[in-house]
Structure formats: C-alpha cells, structure tokens
**Q** 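Supplied in structure tokens, the structure appears directly below.
Naming convention: chains lettered A, B, ... in sequence-line order (proteins, then strands); numbering from 1 in each chain.
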2 protein chains.
Amino acid sequence: MFRENYKSVLDFVARQVFDKLRKFVSITEPKAIEAMETKIRNMEDFAKASGISRPTISKYFNDPNAVRNTTRERIEQALETYDYRPNIFAMNQNRKLTRNIGVVVPSLADPFFAEIARNVERRCIDAGYQPTLYSAHGNRDQEVEILDSLRSLKPAGLLIAPLGRSSDKAMIEKFSRKVPTVLFDSYLPDIGLSFGGSDNFQFGRLIVDYLCRTGTPPCFFEMQNPSNPNANKRRQGYIAAMEALGHAPQVVSVTGEGWNFEEIGRNGGLEIIDSDGFPSDTVLCSNDRLAIGLISACFARKMPVGFEEDSAIRIAGMDDHPFSRFTCPPLTTISQDYEAISKHAVETLFGNLEGDEITDKVVLFEGNLIMRKSA
Amino acid sequence: MFRENYKSVLDFVARQVFDKLRKFVSITEPKAIEAMETKIRNMEDFAKASGISRPTISKYFNDPNAVRNTTRERIEQALETYDYRPNIFAMNQNRKLTRNIGVVVPSLADPFFAEIARNVERRCIDAGYQPTLYSAHGNRDQEVEILDSLRSLKPAGLLIAPLGRSSDKAMIEKFSRKVPTVLFDSYLPDIGLSFGGSDNFQFGRLIVDYLCRTGTPPCFFEMQNPSNPNANKRRQGYIAAMEALGHAPQVVSVTGEGWNFEEIGRNGGLEIIDSDGFPSDTVLCSNDRLAIGLISACFARKMPVGFEEDSAIRIAGMDDHPFSRFTCPPLTTISQDYEAISKHAVETLFGNLEGDEITDKVVLFEGNLIMRKSA
DNA sequence: TTAAAAAGTTTCCGCGCGTAAAATTTTGGT
DNA sequence: ACCAAAATTTTACGCGCGGAAACTTTTTAA
C-alpha cells in the first residue's frame, strides 16, 4: 500500500511539514508557496490531500457523525488547512434528499412576516439546512410560481404561510404530498403535516374582555373579504366574547382588496366617520395594520384616540405589529408569539424529517394583551 | 434513419394520435393510458419523445433563440405535451455560468428594502434569471455568511445593498472581483461594476429649501454613528443647504446602535424634549424611521406636530417610507425613486453580463418632495 | 441550380459526487 | 492475544447535463 500510494503519502507528509514550519521559516521564493498550495478542485483532490478515501469524505459531509471520531478530527483538521467545500450542485444532483428548505410568506412588505421569516431562517440554518426565502407579494399567481420553481430544487421540506383565501389550495395540497410541509400563520384544512399559528379565537376573547372591563363594549372593524382566514376566527372570537358578556356584537366591514391594509383602514375609517360614525366609541380592529390606518383617519378628523377623559375613541388592534409601538397613541393590541410559531414550524418539520411522528395536526398559541395608550 | 429510430418514431406518432383522440374516445383500460404516459426522466427521454436530438434540446434550454424557428416550435409543442424540465442541478454543475442572481439587502424588516427587493426580484425573473433573496438582518457576520454561502451557488451576478459602515468591505470587494456585482442604496467606493442610489446630498437641499421657505430653518436630527453612509451625505446636504441660505446649521445627534431606528428616534427625541428641547421648532430627520419615532415622542409629550397655528413642532423625514403616509400627522418627506434604483441595478448587471460596457460607475437619482401635514 | 453557410445529428467525454460491493484494516471486548 | 464487529479503502458505476468534433441535412444567397 505504501509503495503504491508513495506519491500521495509523500505529498501529505510534505504538506504537514510545510504547515508546521511555515511560521518559523521565511520563504523568499513565492513559487515555493504556490507549489505547496495544492489546488483542491474536488473531493478526490481533498481526499488525497487529507489522506482519507473519498467515500469516507463523502460520508462525512452527509453526516459528520457517520465516521469514527479520529477520522472526523483528521478531516476537520484538513478542512482548516485546505478550505475545501463540496460542490453543492453535484451533491444535490445525486442525493435523494437535498438540505434545501423552502420558506414562503405571503408578503415581505409586511414587517410581521419579515420578522417571522427571519426567525424561521435562523432556525433552519442552525439545524444545518439551507433555507430559501420567497414572498408571494400577496399574489396568487406568484405563490403558484414559487411552488412551481421550488419543485426543481428538490427541497427537503417546505415551511409556508399561505396567502389564505386566494391560495391555490389544490396546488399546495399536491405539493405537500410530495414534500414534507408545515403550515404557519394561515390554516388550510387537511394540508401538510401540521399547522402552527395563533389562537385567533382566543385573541378576540382576550381583548374584548379587557375593553369591556375598562369602557364601552367595542364594535369590530374589518375588511369585507379578508384574504386571510385568521380574520374570520377573530371576528368569531369577538362575537362569541361579546355574547358571553351579554353585549350585542356589532361588526363594521369596509370594502377593499389586497394587502394595503393601512390604506383600507384609513379610507374605510374616514368614510364611516364622515357618515354615521362607529356604533361604539371603542373600535376593535381585525389587525394592527387596519388599526394604524384607522388611527390615521381619526387624526385627520381631529378625533383624539385613547382612554383618557378628552378622548373621543378607543382603538385596539391584534398582532403586535413591529410599528404599533410607535403609533400616536401607541396601539393596544394582542401580541402574536413569533418565537413559538417559528419554533413549532421548524421543529415539527425537522422532527418529521428525522422520523418523528406528528403528534398534533394543529397547534395554537395564545396571545398576550399588550396594553398601551390607544385603549 | 427511419429504420434505426423506428421504435421512437412509432412512439412519437402513437403519442400524437393518442392525444388527439383522447377527448373523443373513452378508454376503459387504465393501463392503456399509463402505457402512453411515457415517463420523461431526463433530457434524453425528452429528446426521443420529441424527435429532436439531445444537443439541440440542450441548446434550446440554454437559449431558445439559438435554434431555428421551426425547431423551437417543435420543442415547445413537445414541452406542452410532456411537461419536462431540465434538472437544475445537473445544469448548474456543468454550465460555466448559472442564471442565479444573489440579491442581498441589509434588513428585510425595513419595508423600504422589502419594497425594493420585490422590485428587483421581479425584474430578474422577467429577464430570465433566478433571484435569491437574502437579508443580513443588520448584522455584519450574516452579510459575510451570505456572501460565503453564495459562492457555492456560482451566481451569475450579485445585486447588493450593503450594510454600509459595518460591512466587511474587503470581503465584498473580493467577491465583486469574481462575480459581477452592482451596488445599490449604500455606496462603497471602488467596489463593483456600478452603484445606483439616491442623491442624498440633493435630498437635504430640496427639503431644507422647502422648510426655510415655509417656516423656521430646521435643525438636523440623526443618529450619532449611522451605520448607513447615506446618513452622512444627508447631513452634508443639510449643512450645505443651510449655509447657502445664510442660516447656521444645527445638528442634533442621538446615541443608539443597530437598526431599530424608530426606537432610537423615540428615545432620543424624549431625551431632548425633556432636557433643553430642539434648537429649532422645525426638525429634519435623517430618515423617515427616525421621524416616526420622533413623532411618537412628541405625541407622548403632547407636542402637536405640523405646520398649523397651534402646532409646536414641524417634523420632516427622508425616504418616503411606506408607512410615512399613515403617521399622525402624515409625514412630509423626500421620496426615493424605487423604480429607478432597481431598474438601474438590474439593467446594469444584465447589460454587463451580455457584454455591454459600464458607462457610469455611480448613478444618482433625485428625490421628490412629498408634502404632507407634518411640515 | 449550386455552393456556402447555418443548423441539426451522432458520438463521445467529462463534471463532481453518491453509493454499492467486496476486500481490507482498525477497534473493542474477552 | 484473539476474534467478531465496525469502520475504512478499493473499485466501479451512474446521475443528468454541457459541450466538442466530425458528419449530414436544411437553409440562404448568389
């Protein structure tokens, strides 16, 4: 064996000696360095340079724990010396399963999704996977397009917050049967391994209780045809909570399509204020972005918002949107548990990839009341 | 030729006939269908099925215009019938150049970047490239990590809005020498093919002129150590404009690190209001997010914002942030030309990929004054 | 009509890695 | 020191495609 591999053994020894001496010896001839800096072009080169067989190197990159400790150390040491990285395309071509994870959100222009995407991305990377982030930009066709192009990336899994009502459910369902899929934020029945999101029904109960305790029972302000199914749960939660407390629920719906919620909230608010006004001096908005628009409308009509003596209207939202701390006044709302939602999504997916059973098809996380000045 | 390819020709004809008849004939035997649904596993299968040689198919996928019109039509017709897509990993492994484009922004939690990223993404797709979006989340290490992992994707180009001051410039410079790179938003000297962004110096001039014309000359509100180099240009633009009009520039800097600009603006604002107050009743903020925080601070201290009689302070920002229309009052600001910036970035890159010369290393776009109620 | 140019076909090889099978070495327990 | 088990090495093939070379067919221009 030694005689056959004479050349590579010599190379290896020479390299080691060179590395050891490098600090102490000043090498005046640049070519001497270049000659030693063997260019590692592929796994074969790296195997030769590190003195380990290529199949073992391959096993290491698939799973570092699949090789013996001493071998792993040798490989990792060589890795520091030579800075080789396997060709990701060649790997993915031959592997049954890539380590790509598709992360799809309905709209990145919404800081809520930007924040949760950040959370999810980090967790994927920490778990040794490669997340790729996509935004459907509120558009059904783009959501379909994303899944379509995702197919060819042979992803190991998909984490998706669907658009909701306008999603092509059949398409997502079909995709989820081929690729392990976990839904978050928006629930689509019977699709994917599991769903994790906020308990929107509870949101309504929580904040209605608070609002009734501290003032006039609220009316509910929402979009007429919400694209997000959470909106329906929230309305139902509101109605149930009102009835439980013996109040008559009053729902105010405004027209508007798309994802420009602030705009819709503002325009809808102006329209209502300028006609009959809200049926209550307390308005619970279906989400924070609508509330931000409504606060803007109240300001324009010089209606002071808040719970103080001279206030004309109380406004509350739901989501704890990153900007809701900076509205005037700061928005009282229900916080979504970003951490819990992203944790559930990622851990459920990776658990399943490693063979765990799915215990819960639907997991709901409770929100917390965030009391600020607006209500 | 016919005799040699007899089998495949027959297959082809049979398939065509089958497709034509399918609508009219009810096929009771499922196996009959299955037999016809020839499974296309690779380009070779597709070549056989479509009756065109594999190298020609390959040429088509590299560039549909590289083949004769009649051939292209035949291929595209077959494509509709068989729904084959080349294996993206095998393609990228062998191609000198992939069609991947890396798109890197400093923070997706900032709707400004979310918006411009959306714009850039769409343009890349329309040009037939595959953008992948990354956010550095305001973190130097993550920016480095992104470029590092991007290397192995062999991207055809990079569109990056660097973090700015905290970027690892040497790393970006090194990357840009291997991969055609266009910068946007934040300028880094001598890096990349070209830079396109707003003329921040002009921003200052524009809004200072307006503010002086309509009231007290403004002071300038900024972060002490802005991570974004644009902030410096904006300050300089402010100072130059003030001096040109014969006013003494007054810069108010507040401490604060990171990308939570609203928070910094609010806390800094409160501190100043509670101590000596601003040196002018007109405050020009370095960017809209600071202004949003400052407006929130003024509200907390019951200082009416705006240009009306009973207002205590005028506040203006720069960026035309998506949310600045909904502040109370709506924020007067300078709009950035999203469209122009993203168009420049994408067109410069793709132009260069196709061999065009770079005409301008630096391209600046003017902003427009957006007059709202806050100043 | 004819010749040159352009496009397509055959045939081959290579990319970098996964992975299987058989042979060999190393390891841990006795 | 010995042996079975575990790990590694050798050897060899295949993945799906890019692309070169030599040849044949079709198109274009004269």
**Q** Please determine, by modelled atom types, if R95(A) and N92(A) share a side-chain donor-acceptor pair under 3.5 angstrom.
**A** no
**Q** Taking atom types as modelled, is there a side-chain donor on Y134(A) or Q142(A) under 3.5 Å from an acceptor on the other?
**A**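 Note: Y134(A) and Q142(A) side chains miss the donor-acceptor criterion.
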**Q** Among the candidates dC17(C), dT9(D), dT8(D), find the nucleotide nearest to the side-chain atoms of S53(A).
**A** dT9(D)
**Q** Given 3.5 Å as the limit, does a donor-acceptor pair link the side chain of E143(B) with the main chain of L163(B), or not?
**A** yes
**Q** If you find the nucleotide of DNA chain C closest to T56(B) and the one closest to R85(A), which residue's nucleotide is nearer the 5' end?
**A**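 Closer to the 5' end of DNA chain C: T56(B).
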**Q** If you check the P55(A) side chain, which of dT27(D), dT11(D), dT9(C) turns out closest?
**A** dT11(D)
**Q** Please check the phosphate of dG18(D) (OP1 and OP2 only) for any side-chain N or O of S58(B) closer than 4.0 Å.
**A**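 Looking at the OP1 and OP2 atoms of dG18(D), one of them is under 4.0 Å from a side-chain N or O of S58(B).
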**Q** When all nucleic acid strands are considered with a 4.0 Å heavy-atom cut-off, which category describes Y84(A): base, sugar-phosphate, or nothing?
**A** sugar-phosphate
**Q** Identify all pairs in which a protein N or O lies below 3.5 Å from an N or O of nucleotides 28-30 of chain C, and state each distance.
**A**
none

**Q** According to salt bridge (charged side-chain N to carboxylate O under 4.0 Å, His left out), who are the partners of R85(B), at least two apart in sequence or on a separate chain?
**A** D148(A)
**Q** Where the side chain of T71(B) is concerned, which of dC15(C), dG8(C), dT9(D) is the nearest nucleotide?
**A** dG8(C)
**Q** Taking only the side-chain heavy atoms of M43(B) (C-beta and beyond), determine which of dT8(D), dC17(C), dC17(D) contains the nearest atom.
**A** dC17(D)
**Q** Touch check for P86(A), heavy atoms < 4.0 angstrom, all strands: base, sugar-phosphate only, or nothing?
**A**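 Since only primed, P, OP1 and OP2 atoms lie under 4.0 Å of P86(A), the category is sugar-phosphate.
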**Q** Of the nucleotides dA20(C), dA7(D), dG16(C), which one has an atom closest to the side chain of Q93(B)?
**A**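 The listed nucleotide nearest to Q93(B)'s side chain is dG16(C).
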